[in-house]
Undergrad: 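Once you've had a glance at the structure underneath, I'll fire off some questions.
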Amino acid sequence: MKLLASLTSPYARKIRIVLAEKALPFELVVDSPWEANTRVPTINPLGKVPVLITDDGEAFFDSPVVAGYLETLDAAPRLLPADALARVRVRQTEALADGVTDATVAALLESRRPDGERSAGEIARQFDKVERGLSGLERRLGERDWFDGDALQLGDIAAGVCLAYLDLRFADFDWRGRHPALARFGARLFARPSFADTVPPAG
Ligand SMILES: N[C@@H](CCC(=O)N[C@@H](CS)C(=O)NCC(=O)O)C(=O)O
């Protein structure tokens, strides 16, 4: 299978980490939807990465759907529980973490708009979501090692990716100082080979 991804996309990184944790072989096709010559919109009408193309040629997007597809393959470890309600809870953690990532991306795009078009109010509004989302994640994690269950699952990966993306885009944003449980969690997660091997390039 092939994964269309940009190297800085946190959503694509989430999937690359899932693939690494499951030791699933795949071809990484680097394609940034922001470049003029991107092929992504011909495969995903939304023009976004990640997109996974199966060996049968079927395309899956967006990242929660791709993660769901990968879970159907016979590859340990399970990253979503078999129990339906437990699975919804992992998906809730994933949605909260992805939502923080969405707000971080929105703040970044707004901050890159030209002088005169940039809205400080909109950037602040997005950072309010980031801060509230991180507080929600901090409460959800509490004193535990993992968000849901007793081993790494998809919600943990999404949360780790969202924290790492804040470091990449807003290095001065001191989430560790305000969220000690997330700081402890991040330190553990970032040391995993699946995270260390997918650190995005600067830029
Ligand atoms: N909810 C989607 C978000 C994907 C997304 O926004 N990807 C960004 C890269 S970080 C993208 O491709 N943006 C291109 C665009 O918005 O045109 C997912 O989880 O896959």
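Read the numbers this way: they start at 1 and go in the same order the structure lists the ligands and their atoms. None of these values were measured; they are calculated from a predicted model.
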Undergrad: Select all protein residues for which some heavy-atom-to-ligand 1 distance is less than 4.0 Å, and list them by chain and number.
TA: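 Ligand 1 is contacted, at a heavy-atom distance under 4.0 Å, by Ser9, Pro10, Tyr11, Pro33, Trp34, Gly47, Lys48, Val49, Pro50, Asp62, Ser63, Pro64.
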Undergrad: Under the ring pair (Phe, Tyr, Trp, His ring centres under 6.0 Å) test, which residues partner Phe61, sequence neighbours left out?
TA: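 Checked Phe61 against ring pair (Phe, Tyr, Trp, His ring centres under 6.0 Å); zero matches.
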Undergrad: Under 3.5 Å, side-chain donor or acceptor atoms of residues 151-163 against the rest of the protein: list the pairs with distances, not counting sequence neighbours.
TA:
residue : atom : partner : partner atom : Å
Gln153  : NE2  : Asp148  : O            : 2.6
Asp156  : OD1  : Phe147  : N            : 2.8
Asp156  : OD2  : Gln153  : N            : 2.8

Undergrad: As a quick check of understanding, evaluate side chain to side chain donor-acceptor pair (under 3.5 Å) for Thr198 and Arg16, giving each step before the final call.
TA: CA-CA 7 Å; Thr198 55; Arg16 290 167 67 201; 5.7 Å; no
Undergrad: Under the side-chain hydrogen bond (donor to acceptor under 3.5 Å, both in side chains) definition, can you give me all pairs with a residue in residues 70-85, not counting sequence neighbours?
TA: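 Listed once each, the pairs are Lys22-Glu71.
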Undergrad: Just by distance, with hydrogens left out, do Arg169 and Thr104 show a side-chain donor and acceptor under 3.5 Å apart?
TA: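 There is no such pair between these side chains.
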Undergrad: Taking everything shown except Arg184 itself, do over 12 heavy atoms lie less than 6.0 Å from its CZ?
TA: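 Enclosed: over 12 neighbouring heavy atoms sit under 6.0 Å from CZ of Arg184.
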